[in-house]
Amino acid sequence: MPQSAEKVLDHAPLFREPEYREMLAKKKALFENMPADDVVQKTADWTKSWEYREKNFAREALTVNPAKACQPLGAVFVAAGFEKTMSFVHGSQGCVAYYRSHLSRHFKEPCSAVSSSMTEDAAVFGGLNNMIDGLANTYALYDPKMIAVSTTCMAEVIGDDLQSFIQNAKNKGSVPQDFDVPFAHTPAFVGSHVTGYDNMLKGILEHFWKGQECNPGTSINIVPGFDGFAVGNNRELKRMLDLMGVDYTILSDVADQFDTPSDGEYRMYDGGTTIDAAKAALNAKATLSMQEYCSIKSLEYAASLGQETASFHYPMGIAGTDEFLMKVSEISGKEVPEELTKERGRLIDAMADSQAYLHGKTYAIFGDPDFVYAMARFILETGGEPKHCLATNGNKAWEAQMAELFASSPYGAGCKAWGGKDLWHLRSLMATEPVDLMIGSSYAKYLERDLDTPLIRLSFPIFDRHHHHRFPVWGYQGGLRVLVTLLDKIFDKLDSETIEAGVTDYSYDLTR
Amino acid sequence: MSLDYENDSEFHARLIEEVLEAYPDKSRKRRAKHLSVAKTVEGEEAAEPLTECDVKSNIKSVPGVMTIRGCAYAGSKGVVWGPVKDMVHISHGPVGCGQYSWSQRRNYYIGKTGVDTFVTMQFTSDFQEKDIVFGGDKKLEKIIDEIDELFPLAKGTSIQSECPIGLIGDDIEAVARKKNKETGKTIVPVRCEGFRGVSQSLGHHIANDAIRDWVFDKKDVEFEAGPYDVNVIGDYNIGGDAWASRILLEEMGLRVVGNWSGDATLAEMERAPKAKLNLIHCYRSMNYICRHMEEKYNIPWIEYNFFGPSQIAASLRAIAAQFDETIKENAEKVIAKYQPLVDAVIAKYRPRLEGKSVMLYVGGLRPRHVITAYEDLGMQIAGTGYEFAHGDDYKRTGHYVKDGTLIYDDVTGYELEKFIENIRPDLVGSGIKEKYPVQKMGIPFRQMHSWDYSGPYHGYDGFAIFARDMDLAINNPVWGLFKAPWTKAA
């Protein structure tokens with residue numbers, strides 16, 4: 001009997017015990033009708049071949065292990081960055097349970113959102129009554145300052161009209177007439193979570209800005225975009241802007257919402273862009289976006305009102321951060337301070353110290369388009385080669401931007417960007433053209449196992465490692481953290497490959 | 001070993017009044033029917049059940065209240081079909097549903113993922129606008145062809161419908177029939193669109209019906225049946241639960257010829273009608289197929305409970321009672337064999353957990369099934385409730401809960417927070433959405449859907465882990481660090 005009270009074995013060791021191994025072998029032999037081991041092995045080998053890769057890339061209809069989510073997730077995320085704002089997702093209720101779970105699993109934090117809980121009758125008659133009752137309940141129970149309405153695909157397919165539904169609900173007294181209920185249609189069958197972020201943000205900005213004149217002042221709006229590292233990154237962003245002495249407004253700041261303290265009080269809402277600041281942001285000099293693909297429509301809207309706009313690709317590493325700071329400096333007229341210049345020097349110092357271990361390393365990188373761009377750019381700066389760059393929600397324009405990036409560096413030769421592909425495609429790429437390291441989200445742990453390629457977790461979602469998101473990856477300070485993360489993985493791998501006593505007592509070096 | 005305790009009925013009744021005050025009139029009336037306090041049944045029938053849990057259930061959630069429930073797709077793909085390991089399960093529709101449910105149920109299995117097994121993968125038709133406008137049947141056909149080409153060892157495919165499928169009028173049944181003819185493989189269309197029904201529950205039912213209609217009696221099943229053949233139904237092998245159960249059933253001489261659906265193969269499902277007895281753990285999600293097998297194939301079924309030594313022993317005896325003397329004797333041997341482990345676990349953990357109060361809010365069977373396991377450790381249940389129960393679940397709950405226990409059906413975020421805040425139990429067992437708010441309040445928490453990434457909790461081996469986990473949750477020093485020493489007492 002393997003189990004004991006003294007040393008309790010849970011699943012990981014328990015099922016490795018002989019009693020369980022024997023039981024499972026018997027189950028397989030007698031009851032499962034699984035294919036023979038040699039057939040399985042032959043097939044497994046075949047799935048890693050060039051022949052399989054070609055068949056895999058010939059797929060036209062099936063998606064396997066995509067690295068993207070649907071629009072309303074982005075809408076819920078961006079709404080969480082506004083003061084005391086409750087997301088209200090109009091449509092089926094299961095979706096909302098999924099968004100909340102997904103974000104909680106990544107941030108290890110509460111995530112609140114409500115559903116209008118539409119069912120079969122609403123599919124036939126429309127969800128107006130669900131909106132009327134739902135808004136009244138949310139307003140009464142959760143004391144929000146704003147309710148941000150988005151949609152699941154069910155409501156989109158039946159064509160519910162949010163604008164008129166919300167007005168109807170207000171007329172029925174669900175919420176006061178002047179209560180802020182911005183909305184956005186966020187069909188799951190268009191784009192991805194980054195599109196939903198953009199749509200909901202634009203919905204919120206339009207709600208506050210519509211019909212008003214923009215009188216550009218000196219302040220700068222900054223849109224962070226959908227970001228698993230938002231907690232650390234937004235704080236780093238604010239620190240850099242404060243050092244520069246810039247007057248700014250973050251448009252959707254989830255840093256505090258997804259990082260509330262444990263002190264005995266559960267805060268359903270914490271921090272965020274205030275409603276007043278969101279209103280006042282109309283009169284900014286410029287709106288900048290940290291992630292182009294999270295803000296295309298929002299920036300177009302800001303530009304249409306007369307604001308300057310510019311967007312970046314997730315400013316990380318040297319040139320990415322340089323570019324961002326210079327733009328902020330140009331718009332604000334403030335110099336980049338000595339402190340940040342020193343930080344830049346420190347990051348470069350670290351890169352120089354470690355360059356021997358980074359130079360020539362090859363990578364597979366996947367994630368949202370802006371992240372992949374930034375990561376590839378930083379890898380190029382270390383002398384690494386980002387060979388396979390993949391964004392399931394990346395398009396042709398992104399592929400072209402990536403191609404331009406590769407062309408800008410000798411280390412970019414032989415690198416390729418794959419828009420619209422999934423992690424099963426990536427498996428074929430890595431099986432046929434192996435790389436040293438892989439950078440992405442927790443989902444790639446299955447690729448790590450299949451292809452024996454170490455995974456570095458730097459994109460959303462990270463479910464199986466804790467608290468990474470509390471530290472920034474943006475800016476020079478963030479770059480330092482990314483650098484250390486890469487190096488730790490490289491050194492750990494080096495050690496694990498040379499750790500066999502009596503075999504590799506050499507190469508297992510104390511100083512590296 | 002069960003405990004004798006009562007909860008404070010008056011206090012709990014007052015709490016219900018208080019939380020209802022926050023609602024607008026219409027919703028207050030609707031929610032009032034779902035909240036109650038368990039009452040001892042007086043009179044002659046008093047022995048069975050112990051209490052009455054008089055709440056309405058399986059009714060539409062009130063909009064805008066933050067229900068914790070999921071949908072029919074979650075009930076079918078997430079619960080019933082997803083764990084069947086040698087089939088590909090397509091999340092048919094837009095990308096999100098499959099993405100959010102990818103690898104989240106911890107249905108353990110043995111296999112070479114991506115080659116002969118596919119549980120921890122996300123197959124989706126990733127619907128685009130044109131699929132909504134022109135329909136997705138052509139795309140679905142192509143998807144099944146591509147699966148056949150790229151995953152040749154897959155034994156079949158299930159089509160898990162997401163919301164749009166039923167709204168745009170796709171005929172997935174026709175596609176399934178056509179592709180079954182062409183490939184000879186099992187293709188199962190499941191109409192589990194998320195808007196159907198009021199919770200996960202209808203998804204379970206639809207998934208059960210799909211097994212009946214698209215799996216049973218479709219092939220000649222070659223299998224030599226034996227006198228001790230049983231199916232384990234409604235064990236999803238979360239964290240290895242089904243394995244920790246199977247080992248006991250085999251030790252008592254039974255042959256588990258099918259496990260539904262954790263670590264299951266299609267063959268195990270196809271052969272089920274040849275078994276002598278169905279043992280059902282999660283009654284809520286799979287009673288439908290048991291009733292069908294009883295009617296059509298004359299297979300009896302019994303419910304059992306493998307949480308905690310009291311229930312395990314009672315269940316082993318009840319199961320054995322369906323068989324001959326040998327099996328009955330074996331059951332006693334199994335119980336005796338594990339008794340020292342049980343004694344040691346209780347000796348170690350009960351002193352650390354004695355008298356601690358617990359509030360539960362889960363789905364399926366757990367809001368009642370785990371109660372005795374806590375009581376075996378000297379703990380007390382202050383409140384419990386289900387996401388998607390029916391009346392028969394609450395009736396069964398009466399066998400478990402004590403007088404005065406707070407009962408909440410389809411609880412809202414607001415209600416649960418207020419209940420917990422006022423009762424301040426020593427432990428809350430619920431889901432990922434509830435975990436962090438509760439912990440922020442300084443109250444220990446265990447996820448009771450996923451076993452908080454631990455498990456198994458079933459069987460004797462699982463009970464030791466369960467006890468360890470409840471102890472580490474409650475007695476961790478972090479809960480004593482919340483208050484900064486310089487803050488003034490409130």
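Chain letters run A, B, ... following the sequence lines, proteins first and then strands; every chain starts at 1. Side-chain atoms are counted along with the backbone in the values below, which use heavy atoms only and exclude waters and symmetry mates.
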Check your understanding: Between A/Leu14 and chain B, which part of the residue has a heavy atom less than 4.5 Å away: side chain, backbone, both or neither?
Key -> side chain

**Study point:** Interface residue of largest heavy-atom contact number with chain A, from B/Gly239, B/Ser199, B/Gly111, B/Gly442, under 4.5 Å
**Key:** B/Gly239

Review point. Under a 4.5 Å heavy-atom cut-off, does chain A meet the side chain of B/Glu421, its backbone, both or neither?
Key: neither

Review point. Is any side-chain heavy atom of B/Tyr73 less than 4.5 Å from a side-chain heavy atom of B/Ser91?
Key: yes

Check your understanding: What part of B/Arg106 lies closer than 4.5 angstrom to a heavy atom of chain A: side chain, backbone, both or neither?
Key -> side chain

Practice item. Would you please indicate yes or no on a ring centroid separation below 6.0 angstrom for A/His102 and A/Phe463? Key: yes

Review point. Where on A/Thr63 is there a heavy atom nearer than 4.5 Å to chain B: the side chain, the backbone, both, or neither?
Key: both

Review point. Any idea which of A/Glu60, A/His193, A/Met118 has the most non-hydrogen atom pairs under 4.5 angstrom with chain B?
Key: A/Glu60

Point to revise | Check ion pair B/Arg28-B/Asp25 (N to O, under 4.0 angstrom) | key: yes

Practice item. Under 4.5 Å heavy-atom distance to chain A, tell me which part of B/Cys71 shows up: side chain, backbone, both or neither. Key: both

Review point. In terms of heavy-atom pairs under 4.5 Å, which option from B/Leu167, B/Val345, B/Val438 contacts chain A the most?
Key: B/Leu167

Exercise for review: Count the heavy-atom pairs under 4.5 Å between each of B/Gly194, B/Ala484, B/Ser454 and chain A, then report the option with the highest count.
Suggested key: B/Ser454

Check your understanding: Is it the backbone or the side chain of B/Pro340 that comes under 4.5 Å from a heavy atom of chain A, or both, or neither?
Key -> neither

Point to revise | side-chain hydrogen bond (donor to acceptor under 3.5 Å, both in side chains) partner of A/Arg427, chosen from A/Asn56, A/Asn65, A/Thr47 | key: A/Thr47

Review point. With chain B, which of A/Pro187, A/Ser116, A/Ser262 has the greatest number of heavy-atom pairs at distances under 4.5 Å?
Key: A/Ser262

Exercise for review: Measure distances from A/Cys153 to the heavy atoms of chain B and classify the residue's part below 4.5 Å as side chain, backbone, both or neither.
Suggested key: side chain

Review point. Which bit of B/Ala244 comes within less than 4.5 Å of chain A, counting heavy atoms only: side chain, backbone, both or neither?
Key: both

Point to revise | Heavy-atom pairs under 4.5 Å with chain A, option from B/Gly462, B/Gly96, B/Pro437 with the top count | key: B/Pro437

Review point. Side chain, backbone, both or neither: which part of A/Tyr98 has an atom under 4.5 Å from a heavy atom of chain B?
Key: both

Under 3.5 Å, which donor-acceptor pairs do the side chains of residues 15-25 of chain A form with other protein atoms, sequence neighbours left out?
residue: A/Glu19; atom: OE2; partner: A/Met1; partner atom: N; Å: 3.2
residue: A/Tyr20; atom: OH; partner: B/Asp461; partner atom: OD2; Å: 2.6
residue: A/Arg21; atom: NE; partner: A/Arg16; partner atom: O; Å: 2.8

Review point. Contact part of A/Leu103 toward chain B, heavy-atom cut-off under 4.5 Å: side chain, backbone, both or neither?
Key: neither

Practice item. Could you tell me whether the side chains of A/Arg105 and B/Gln104 share a donor-acceptor contact shorter than 3.5 Å? Key: yes

Point to revise | Test: A/Arg53 cationic atom under 6.0 Å from A/Phe57 six-membered ring centre, within 45° of axis | key: yes

Point to revise | chain A interface, residue from B/Lys138, B/Lys112, B/Arg196 that has the most non-hydrogen pairs under 4.5 Å | key: B/Arg196

**Study point:** Heavy-atom pair count under 4.5 Å with chain B, highest-scoring of A/Ala61, A/Gly134, A/Pro72, A/Ala5
**Key:** A/Ala61

**Study point:** Pair B/Asp469, B/Tyr457: side-chain N/O donor-acceptor within cut-off below 3.5 Å
**Key:** yes

For residues 27-35 of chain A, which side-chain N or O atoms pair as donor and acceptor with protein atoms under 3.5 Å away, sequence neighbours left out?
residue: A/Lys27; atom: NZ; partner: A/Glu32; partner atom: OE2; Å: 2.6
residue: A/Lys27; atom: NZ; partner: B/Asp263; partner atom: O; Å: 2.6
residue: A/Lys27; atom: NZ; partner: B/Asp263; partner atom: OD2; Å: 3.2
residue: A/Lys27; atom: NZ; partner: B/Glu268; partner atom: OE2; Å: 2.8
residue: A/Lys28; atom: NZ; partner: A/Asp37; partner atom: OD1; Å: 2.8
residue: A/Glu32; atom: OE1; partner: B/Lys85; partner atom: NZ; Å: 3.3
residue: A/Glu32; atom: OE2; partner: B/Lys85; partner atom: NZ; Å: 2.8
residue: A/Asn33; atom: OD1; partner: B/Arg271; partner atom: NH2; Å: 3.4

Check your understanding: Any chance NZ of A/Lys172 has more than 12 other-residue heavy atoms, nucleotides or ligands included, within less than 6.0 Å?
Key -> no

Review point. Using 4.0 Å as the upper bound for N to carboxylate O, is an ion pair formed by A/Lys48 and A/Asp450?
Key: no

Exercise for review: For each of A/Tyr99, A/Tyr52, A/Phe107, A/Tyr139, tally heavy-atom pairs with chain B at distances under 4.5 Å, and name the one with the top tally.
Suggested key: A/Tyr52

**Study point:** Atom group of B/Lys26 that falls short of 4.5 Å from chain A, counting heavy atoms
**Key:** side chain

Point to revise | Contacting moiety of A/Ser192, where chain B heavy atoms sit under 4.5 Å | key: neither

Check your understanding: Heavy-atom distance under 4.5 Å to chain B: side chain of A/Val157, backbone, both or neither?
Key -> side chain

Study note, to complete from the structure: chain B shares the most heavy-atom pairs under 4.5 Å, among A/Ala12, A/Ala58, A/Cys95, A/Ser115, with A/Ser115

Point to revise | Engaged part of A/Ala122 at the chain B interface, taking heavy atoms whose separation is under 4.5 Å | key: neither

Review point. Quick one: does B/Asp116's side chain have a donor or acceptor within less than 3.5 Å of a partner on A/Val40's backbone?
Key: no

Check your understanding: With a 4.5 angstrom heavy-atom cut-off, which part of A/Gln41 approaches chain B: side chain, backbone, both or neither?
Key -> side chain

Point to revise | Any donor-acceptor N or O pair under 3.5 Å, side chains A/Thr260, A/Glu109 | key: yes

Exercise for review: Could you tell me which of B/Lys348, B/Arg246, B/Glu434 has the largest number of non-hydrogen atom pairs under 4.5 Å with chain A?
Suggested key: B/Arg246

Practice item. Please answer whether the main-chain N or O of A/Arg59 pairs with a side-chain N or O of B/Glu146 as donor and acceptor at a distance below 3.5 Å. Key: no

Review point. Going by atom types alone, do B/Asp410 and B/Thr67 pair a side-chain donor with an acceptor below 3.5 Å?
Key: yes

Study note, to complete from the structure: Given A/Arg449, A/His11, A/Glu120, A/Met86, the one with more heavy-atom pairs under 4.5 angstrom with chain B than any other is A/His11

Practice item. Tell me, for A/Asp121 versus chain B, whether the close heavy atoms (under 4.5 Å) come from the side chain, the backbone, both or neither. Key: side chain

Point to revise | Interface moiety of B/Lys142 toward chain A, non-hydrogen atoms closer than 4.5 Å | key: both

Review point. More than 12 heavy atoms of other residues, nucleotides or ligands under 6.0 Å from NZ of B/Lys337: is that the case?
Key: yes

Review point. Between B/Ile247 and chain A, which part of the residue has a heavy atom less than 4.5 Å away: side chain, backbone, both or neither?
Key: both

Exercise for review: Answer with yes or no whether the side chains of B/Thr120 and B/Tyr109 bring together a donor and an acceptor at under 3.5 Å.
Suggested key: yes

